[in-house]
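The sequence lines fix the lettering, A, B, ..., with proteins before strands; numbering per chain opens at 1.
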Number of protein chains: 2
Amino acid sequence: MSIRVGIVGYGNLGRGIENAVNSSKDMELVAVFTRRDPNALKIATKTATVCNINDALSMKDEIDVMIMCGGSATDLPVQTPEFAKNFNVVDSFDTHARIPEHFNNVDIAAKASGKTGIISVGWDPGMFSLNRLYGEAILPFGKTYTFWGKGVSQGHSDAIRRIDGVVDAKQYTVPYDEALDAVRNGENPELSTREKHWRECFVVAEEGADKERIEKEIKTMPNYFDEYNTVVHFITKEELDKNHSGIPHGGVVIRSGKTGENEENTHIIEYKLKLDSNPEFTASVITAYARACYRLNKEGNVGCKTVFDIAPSYLLDMENRDIVKKFL
Amino acid sequence: MSIRVGIVGYGNLGRGIENAVNSSKDMELVAVFTRRDPNALKIATKTATVCNINDALSMKDEIDVMIMCGGSATDLPVQTPEFAKNFNVVDSFDTHARIPEHFNNVDIAAKASGKTGIISVGWDPGMFSLNRLYGEAILPFGKTYTFWGKGVSQGHSDAIRRIDGVVDAKQYTVPYDEALDAVRNGENPELSTREKHWRECFVVAEEGADKERIEKEIKTMPNYFDEYNTVVHFITKEELDKNHSGIPHGGVVIRSGKTGENEENTHIIEYKLKLDSNPEFTASVITAYARACYRLNKEGNVGCKTVFDIAPSYLLDMENRDIVKKFL
């Protein structure tokens, strides 16, 4: 029997989950839950229904895992613990400072209901987190570096769009090759924020807008740009749509460590992602962990978990014996 | 209290384990077991004893995990199941075709004794295996590639040394850049053995030896060289000792997968190792898994395991709460 999946929230991530679930032989999408008018929402899966989010409870017995696709700012902190009262849940909560609090809320709800939750799944947090852990566990003496990009930051793109006189914008986060090279060479450099990444912005301005002012507002924007070197290109809407419509991303986690009686040997572990679609890849990771969530709950392993708590074999729909033969 | 570790076999790997254990705050090396005369064996750790391998049983209650550092050809298939009758054990068994049989033997012994064994730990099998699994779990539609090198193959170096007229030799396995580039570009090429790697040999010949014959014997050697493009350099013993005394290795696992309704998006996951010392890095991985082995056994989780069965958090001596804060 298939694992019956529900999706809460149908944006880029929700659509990615739909695709990943339909690509998984052992899973079946049952329903999409939305705050919008269900009749107005068209989904790709003909065999699944669209429901109002307030009707989710009525499908309690028809859904094995609920995948939470809302935003980390206001949706997930409320929705994931709430849904954990009745469903196994997986989310991609990524507000780092609030993870312990979120973990605790989901843990209490899931333990009370006998359900299982896995939070903060994706690539960062997620696969990058795993590689930071593996790296430090294997090479306790060393330094870990995380670089992001080249890729689109939705948050930074949105911040530019809010500037007066801006029609549309796309921001790429780009790591410095010099910094990457130094880390890969085992030099263990100390790198400031400004030395690790720079920001490249493609901006469509209103006709007659003061481009000098816009560029200055971008480059001095606190938290978003002021700590970085930023390059601003003004382009036409047509150029933006033609050359910058995708949502690529990626990055790299590098552990640079030493072994030997006198720490004479250097080892570099590098985990690198190059993604054509950030939301589709994130959805692919979440879907694999939804499988693990279902299986853990079946074994009576309830409460809140993270990627660190999940044995890798739980991610695959395969017998252990076959996993050993194929992958070891 | 520290995890008390024993080492069986004191070659390159055993010495690497000794170093890694001494670098771990929560571990303590108790004894090294050898087939040689214990009085003739000097180890680096002053607080540990050297014992004959036949006296291991008498230290049953003083050792929490035994790390098996013999060879895969004849030592481990016998020793690991035998020691699992009385000890928690970790090994790096790497004869791929015999892993299921070895797993079974260790599993039976460990279940009967209430001990825990983790087999085939290192980087391949080991971390590379994990990344093959993670890659396929996340991106079910795609292709996985493993490249080794540039690095020293001990087996191939030994094979050259056995040729008549050869004093000493070192063989490097080297991946083709063109093959790597094609995979990284998402081209999903079909690659033959010859197209993935080539072999570079540095050979010291006896004075007056027929170098042409030696080179031909190397290049046509079945299983070792005949399926590869091989380059042979004759050098002096001094050059070999000066420039080729290390045991570096490394390699890369790449998963190239597609997502999207029409598989229109390509994602590349790359896990890359660049290691100054193959045995020291392997030892570092094994030591982290020895910690997991001890902890699993304490929880009553007995029998034979592989890296696929171990939740990542078991590799670190840290509270889950702190792991989440630091790595997620």
* Most chain A-contacting option - heavy-atom pairs closer than 4.5 Å, from K325(B), E136(B), M127(B) -> E136(B)

* Could you tell me which portion of K326(B) (side chain, backbone, both or neither) has an atom closer than 4.5 angstrom to a non-hydrogen atom of chain A? => side chain

* Asked: Under a 4.5 Å heavy-atom cutoff, which of F128(B), Y271(B), F103(B) has the most pairs with chain A?
  -> Y271(B)

* Spell out the residues in residues 249-261 of chain B that have some non-hydrogen atom less than 4.5 Å away from a non-hydrogen atom of chain A, in order of number; otherwise answer 'none'. => T259(B), G260(B), E261(B)

* Asked: Between L275(B), L328(B), T266(B), N265(B), which residue shows the highest count of heavy-atom pairs closer than 4.5 Å to chain A?
  -> L328(B)

* Check whether any side-chain heavy atom of P81(A) lies under 4.5 Å from a side-chain heavy atom of I108(A), and answer yes or no. => no

* Any side-chain heavy atom of V65(A) sitting closer than 4.5 Å to one from V89(A)? -> no

* **Residue D124(B) versus chain A: region with a heavy atom under 4.5 Å** => side chain

* **Contacting region of T287(A) [heavy-atom separation from chain B under 4.5 Å]** => neither

* Structure fact -> Cut-off 4.5 Å, heavy atoms of chain B, and the answer for N19(A) is side chain

* **Heavy-atom neighbours of E299(B) CD exceed 12 at 6.0 Å** => yes

* What residue, out of L139(B), D94(B), N22(B), has the most heavy-atom pairs lying under 4.5 Å from chain A? -> L139(B)

* Answer with side chain, backbone, both or neither: which region of I269(A) has an atom nearer than 4.5 Å to a non-hydrogen atom of chain B? => both

* Structure fact -> Between A110(B) and V302(B) the two heavy atoms that sit nearest each other are O-CB, 4.5 Å

* Asked: Are any of the side-chain heavy atoms of N104(A) and E101(A) separated by less than 4.5 Å?
  -> no

* Please look at Y314(A) and chain B and tell me whether the side chain, the backbone, both or neither of the residue comes under 4.5 angstrom of a heavy atom of that chain. => neither

* **Test side-chain contact (heavy atoms from CB on, under 4.5 Å) applied to V106(A) and I118(A), T80(A), T116(A), the passing residue** => T80(A)

* Is chain B contacted by the side chain of F281(A), its backbone, both, or neither, given a heavy-atom distance below 4.5 Å? -> both

* Asked: Using a cut-off of under 4.5 Å for heavy-atom pairs, which of S277(B), A288(B), P125(B) has the most such pairs with chain A?
  -> S277(B)

* **Portion of L130(B) that has a non-hydrogen atom of chain A nearer than 4.5 angstrom** => side chain

* To do: Under 4.5 Å heavy-atom distance to chain B, tell me which part of D317(A) shows up: side chain, backbone, both or neither.
  => neither

* Structure fact -> Counting heavy-atom pairs under 4.5 angstrom with chain A, the leader among L315(B), L133(B), L316(B) is L133(B)

* Asked: Non-hydrogen atoms of chain A under 4.5 Å away: do they reach the side chain of I323(B), the backbone, both or neither?
  -> both

* Specify the closest pair of heavy atoms between S92(B) and V121(B), including all atoms of both residues, with the distance to one decimal. => CB-O, 3.0 Å

